[in-house]
Amino acid sequence: MDTVEPFLVTERLELRPFTGRDEGLLVELDGDPEVMRYLTGGRPTPPADVRERVLPRLLHRYPCTGEPGFWAARERATGAFVGWFELRPLRDDSAEAVELGYRLRRAAWGRGYATEGSRALVDRAFTELGAERITADTMAVNAGSRRVMEKSGLTYVRTYFGDWPEAIDGSEHGEVEYALTRQEWERRRTARGPAFLG
């Protein structure tokens with residue numbers, strides 16, 4: 001696991017591409033009902049689904065960047081797996097619009113890791129990937145994720161209601177989209193300095 005070249009290093013985290021050896025880490029992550037609360041209503045992802053659906057998605061490389069869109073995150077101090085971050089082009093052939101996301105183990109909650117990793121990815125998207133817009137979505141009732149999006153520089157765009165196959169607690173309030181454009185990022189960066197972006 002540790003022989004894979006890191007994609008990004010922050011003060012406390014190292015993000016690297018996933019490999020086929022990470023299946024067990026993902027089964028554990030998606031097996032925690034609290035982690036899955038705002039995704040499946042707390043229903044764990046079956047191991048077979050992780051192997052056949054989740055892991056291939058995380059391994060997929062996008063032709064426009066030559067990179068995957070999902071990154072395994074570990075603590076630099078301990079080497080412990082903390083979850084994953086997403087910086088995924090919305091189209092295979094263009095990195096102009098990318099989606100930001102993350103899923104962290106419960107042990108990593110409340111430590112600022114989500115914001116630290118997200119801010120670094122925002123910076124990476126605009127400085128190296130050529131992104132023009134970053135978007136992120138979560139359930140309207142997921143206050144924790146909404147705070148991370150705001151701390152990462154994204155602002156509220158809209159509330160929308162998808163046609164989900166299975167309603168979960170809170171879904172009646174809809175989903176929210178947050179976004180940040182290159183122009184707004186550059187304006188804030190100039191105003192606040194590089195430290196704003198982690």
Side-chain angles (χ1 to χ4, degrees), residues 1-62 67-89 98-122 124 134-139 141-149 151-152 162 164-166 168-171 175-176 178 198:
M1 175 166 63
D2 297 330
T3 59
V4 180
E5 188 71 23
F7 171 72
L8 184 66
V9 177
T10 69
E11 182 183 349
R12 298 178 297 163
L13 299 173
E14 181 181 283
L15 277 59
R16 62 160 177 83
F18 277 98
T19 74
R21 299 187 300 275
D22 294 319
E23 182 181 329
L25 297 174
L26 294 167
V27 168
E28 179 188 357
L29 179 66
D30 284 13
D32 185 332
E34 283 301 307
V35 169
M36 302 304 289
R37 176 181 172 196
Y38 294 113
L39 301 161
T40 64
R43 188 177 64 254
T45 305
D49 283 4
V50 170
R51 181 171 55 256
E52 297 164 13
R53 182 177 53 84
V54 176
L55 186 56
R57 181 171 181 249
L58 302 188
L59 292 172
H60 174 69
R61 287 184 176 265
Y62 290 79
E67 302 278 6
F70 296 85
W71 312 94
R74 69 177 191 131
E75 289 180 335
R76 292 179 62 192
T78 66
F81 175 71
V82 299
W84 56 251
F85 285 86
E86 171 191 9
L87 188 65
R88 178 179 64 87
V98 296
E99 182 173 67
L100 178 71
Y102 60 88
R103 187 175 303 172
L104 303 184
R105 296 176 62 211
R106 226 187 311 178
W109 292 2
R111 303 177 68 183
Y113 286 154
T115 300
E116 182 176 327
S118 295
R119 283 181 173 176
L121 286 171
V122 164
R124 183 75 172 244
I134 297 173
T135 184
D137 300 85
T138 190
M139 287 180 67
V141 295
N142 190 347
S145 276
R146 295 182 72 164
R147 277 195 301 274
V148 170
M149 292 173 188
K151 288 178 181 178
S152 302
W164 307 115
E166 192 175 326
I168 64 176
D169 191 33
S171 61
E175 301 270 323
V176 288
Y178 281 69

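Counting begins at 1 with the first residue of the sequence.
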First locate atom [atom1] of [X], then atom [atom2] of [Y], and finally report the distance between them rounded to the nearest 0.5 Å.
| X | Y | atom1 | atom2 | answer |
| --- | --- | --- | --- | --- |
| His60 | Arg88 | NE2 | CZ | 9.0 Å |
| Tyr113 | Arg74 | OH | CZ | 12.0 Å |
| Thr115 | Met149 | OG1 | CE | 11.0 Å |
| Leu26 | Arg103 | CG | CZ | 9.0 Å |
| Leu87 | Leu8 | CG | CG | 9.5 Å |
| Arg21 | Leu55 | CZ | CG | 11.5 Å |

Taking all non-hydrogen atoms of both residues into account, name the closest pair between [X] and [Y] and its distance.
| X | Y | answer |
| --- | --- | --- |
| Met139 | Gly170 | CE-C, 3.4 Å |
| Arg124 | Phe7 | NH1-O, 2.7 Å |
| Leu104 | Ala114 | CD1-N, 3.7 Å |
| Pro68 | Tyr62 | C-CD1, 4.1 Å |
| Ser118 | Val148 | OG-CG1, 4.0 Å |
| Arg119 | Lys151 | NE-O, 2.8 Å |

Modelled atom types, side-chain donor and acceptor of Ser152 and Tyr178, under 3.5 Å |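 Distance-only check fails for Ser152 and Tyr178.
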
Sub-4.5 Å side-chain heavy-atom contact between [X] and [Y]:
| X | Y | result |
| --- | --- | --- |
| Thr45 | Arg53 | yes |
| Arg105 | Val35 | no |
| Leu100 | Thr135 | no |
| Leu15 | Trp84 | no |

For Tyr38, which residues count as a ring pair (Phe, Tyr, Trp, His ring centres under 6.0 Å) partner, sequence neighbours excluded?
->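 If we apply the ring pair (Phe, Tyr, Trp, His ring centres under 6.0 Å) test to Tyr38, skipping adjacent residues, there are no hits.
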
Could you check whether any side-chain N or O of [X] sits under 3.5 Å from a backbone N or O of [Y], counting only pairs where one atom can act as donor and the other as acceptor?
| X | Y | result |
| --- | --- | --- |
| Asp30 | Val27 | no |
| Trp71 | Glu86 | no |
| Arg76 | Thr10 | yes |
| Asn142 | Ser145 | yes |

Asp49, CG atom: more than 12 neighbouring heavy atoms under 6.0 Å =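 Correct, the count exceeds 12.
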
Would the number of heavy atoms belonging to other residues, nucleotides or ligands and lying under 6.0 Å from CZ of Arg37 be above 12?
->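 Not more than 12 within 6.0 Å, no.
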
Using a strict threshold of under 4.0 Å (side-chain N to carboxylate O), is an ion pair present between [Y] and [X]?
| X | Y | value |
| --- | --- | --- |
| Glu5 | Arg16 | no |
| Glu23 | Arg51 | yes |
| Arg12 | Glu75 | no |

What's the verdict on side-chain contact (heavy atoms from CB on, under 4.5 Å) for Met36 and Arg43, showing C-alpha distance, side-chain angles and the deciding distance?
-> CA-CA 6 Å; Met36 302 304 289; Arg43 188 177 64 254; over 6 Å; no

Could you go step by step and tell me if Glu34 and Arg106 meet the salt bridge (Lys or Arg N to Asp or Glu O under 4.0 Å) rule?
-> CA-CA 7 Å; Glu34 283 301 307; Arg106 226 187 311 178; 5.5 Å; no

